[in-house]
Student: 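The structure that follows is given in the form of structure tokens.
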Amino acid sequence: MDLLAALRAQRLLAIVRGSDPDAALTTVLALAEEGVTLVEVSLSGRDALDVIARARAALGPDATLGAGTVLSADDARAAHNAGAAFLVTPAVSDGIATGRELGLPVLAGVMTPTDILQALRLGADALKLFPAGSAGGPGYLRDLRGPFPDLPFVPVGGVDAQAAAAYLRGGAIAVGVGSPLTGDAADGGSGTALRRRARTFLDVVRAEARS
């Protein structure tokens, strides 16, 4: 898949991390039904590889479904075998190079200019600015875009609907959103609230796309 094109088109990457595998799967499917089609399932969730495999079977081969929290080469291989179409790392890790070897695009976690250069050398397709909120929010993204004006940044961490709009206006190609979007749905919480939040975030990214 072309991860960069998907990020630019969708502008919203949902992050699903849950303690209940069945609820996590239901969350992925509900997001897809609402139009949030770019989803990563974090490997730090319970039975995450099985969730990815079941979601892949339900959504079909063309779904933009990936694996997050890829820390190692073994994680990358396991995610690939489960059916992940792309990988997301929280940091510059062995998962980047292994993902590239497997033919999977990678959204690589970075925080500093040094991280950015290292991730690019390893073949990252896009750059996950993490944890964006703690690093300084939209202002930090603006600072990074000074020396790196054309790089594809995806802020993740503490991104609520208001911050999502600010990041997109500040030059992010997309935003990655976990709990402000999914809430406790992947732990067995309300699916109705999940769908309502999904519509809110979609309204935000669509409004920024039109501006």
Side-chain angles (χ1 to χ4, degrees), residues 3-18 31 36-45 64 66-71 75 86-93 95-96 99 105-184 186 197-198 200-209 211:
L3 178 60
L4 198 54
L7 289 166
R8 286 181 170 139
Q10 300 297 323
R11 309 205 79 190
L12 176 63
L13 169 64
I15 301 165
V16 176
R17 178 186 292 106
L31 288 168
V36 182
T37 57
L38 187 57
V39 179
E40 69 165 271
V41 176
S42 170
L43 296 186
S44 62
T64 48
T69 322
V70 174
L71 298 174
D75 285 344
F86 64 93
L87 305 179
V88 184
T89 75
V92 178
S93 74
I96 301 172
V106 181
L107 173 60
V110 300
M111 189 174 187
T112 68
T114 300
D115 292 341
I116 290 167
L117 293 177
Q118 289 177 335
L120 292 173
R121 289 187 186 115
L122 289 171
D125 294 82
L127 302 164
K128 169 184 168 179
L129 182 58
F130 176 79
S134 299
Y140 186 55
L141 172 63
R142 286 193 297 271
D143 290 342
L144 285 177
R145 292 190 72 237
F148 305 111
D150 301 319
L151 294 185
F153 287 106
V154 181
V156 177
V159 181
D160 60 15
Q162 182 177 2
Y167 282 122
L168 294 170
R169 286 194 299 268
I173 64 164
V175 290
V177 187
S179 58
L181 169 58
T182 60
D184 61 354
R197 289 188 298 269
T200 296
F201 273 94
L202 285 170
D203 286 344
V204 168
V205 299
R206 288 166 179 164
E208 292 305 318
S211 63

Student: How close do A91 and I96 get, heavy atom to heavy atom, and via which atoms?
Tutor: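 Scanning both residues completely, I find the closest heavy atoms to be O-CD1, 4.3 Å.
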Student: Compare every heavy atom of D115 with every heavy atom of V92, then report the nearest pair and how far apart it is.
Tutor: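 Scanning both residues completely, I find the closest heavy atoms to be CG2-O, 3.7 Å.
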Student: On a heavy-atom basis, which atom in L87 and which in G99 lie closest, and how many Å separate them?
Tutor: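 Shortest heavy-atom separation between L87 and G99 comes out as CD1-CA, 3.6 Å.
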Student: Does any N or O in the side chain of R11 come within less than 3.5 Å of the main-chain N or O of A172, such that one atom is a donor and the other an acceptor?
Tutor: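 The answer is yes, because a donor-acceptor pair under 3.5 Å joins these two groups.
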Student: For a quick test of reading the model, state the closest non-hydrogen atom pair linking I15 to G176 and the distance between them.
Tutor: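 Closest heavy-atom pair between I15 and G176: CD1-C, 3.9 Å.
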Student: Shortest non-hydrogen contact from L3 to P105?
Tutor: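 In this case the closest contact between L3 and P105 is CB-CB, 3.6 Å.
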Student: For V70, is there any backbone N or O sitting under 3.5 Å from a side-chain donor or acceptor partner on T89?
Tutor: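 Looks like no, no N/O pair under 3.5 Å.
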Student: Using residues 121-143 as the side-chain source, report each donor-acceptor pair under 3.5 Å to any protein atom, sequence neighbours left out, with the distance given to one decimal.
Tutor:
unit_1: D125; atom_1: OD1; unit_2: R100; atom_2: NH1; d: 2.8
unit_1: D125; atom_1: OD1; unit_2: V106; atom_2: N; d: 2.9
unit_1: D125; atom_1: OD2; unit_2: R100; atom_2: NH1; d: 3.4
unit_1: Y140; atom_1: OH; unit_2: M111; atom_2: O; d: 2.4

Student: Hey, mind stepping through F201 and V177 against side chain to side chain contact (heavy atoms under 4.5 Å, CB included) and telling me if it holds?
Tutor: CA-CA 9 Å; F201 273 94; V177 187; 3.7 Å; yes
Student: Evaluate the side-chain proximity of V156 to L13: yes if any heavy-atom separation is below 4.5 Å, no if none is.
Tutor: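 No, every pair of side-chain atoms sits at 4.5 Å or beyond.
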Student: Could you tell me if the side chain of L151 sits less than 4.5 Å from the side chain of L120, heavy atoms only?
Tutor: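 Yes, their side chains come closer than 4.5 Å.
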Student: Rounded to the nearest 0.5 Å, how far apart are OG1 of T69 and CZ of R17?
Tutor: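 It is 4.5 Å, given to the nearest 0.5 Å.
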Student: Which value, rounded to the nearest 0.5 Å, describes the distance between L181 atom CG and R197 atom CZ?
Tutor: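 Result: 7.0 Å between the selected atoms.
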Student: Whether the side chain of R145 engages the backbone of G170 through a donor-acceptor N/O pair (distance < 3.5 Å, no angle test) should be reported.
Tutor: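 Flag set: sc R145 to bb G170 pair under 3.5 Å.
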Student: Nearest 0.5 Å, what's the CG-OG1 distance between L7 and T64?
Tutor: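 Nearest 0.5 Å value for the CG-OG1 distance: 9.0 Å.
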Student: Where do F148 and F153 come nearest, in terms of heavy atoms and distance?
Tutor: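 Residues F148 and F153, closest heavy atoms: O-CE1, 3.8 Å.
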Student: With side chain to side chain contact (heavy atoms under 4.5 Å, CB included) as the test, pick out the partner of L12 among L168, V175, V159.
Tutor: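 Single side chain to side chain contact (heavy atoms under 4.5 Å, CB included) partner of L12 among L168, V175, V159: V175.
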Student: Sequence neighbours excluded, which residues qualify as salt bridge (Lys or Arg N to Asp or Glu O under 4.0 Å) partners of D75?
Tutor: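 Partners of D75 under the salt bridge (Lys or Arg N to Asp or Glu O under 4.0 Å) test: none.
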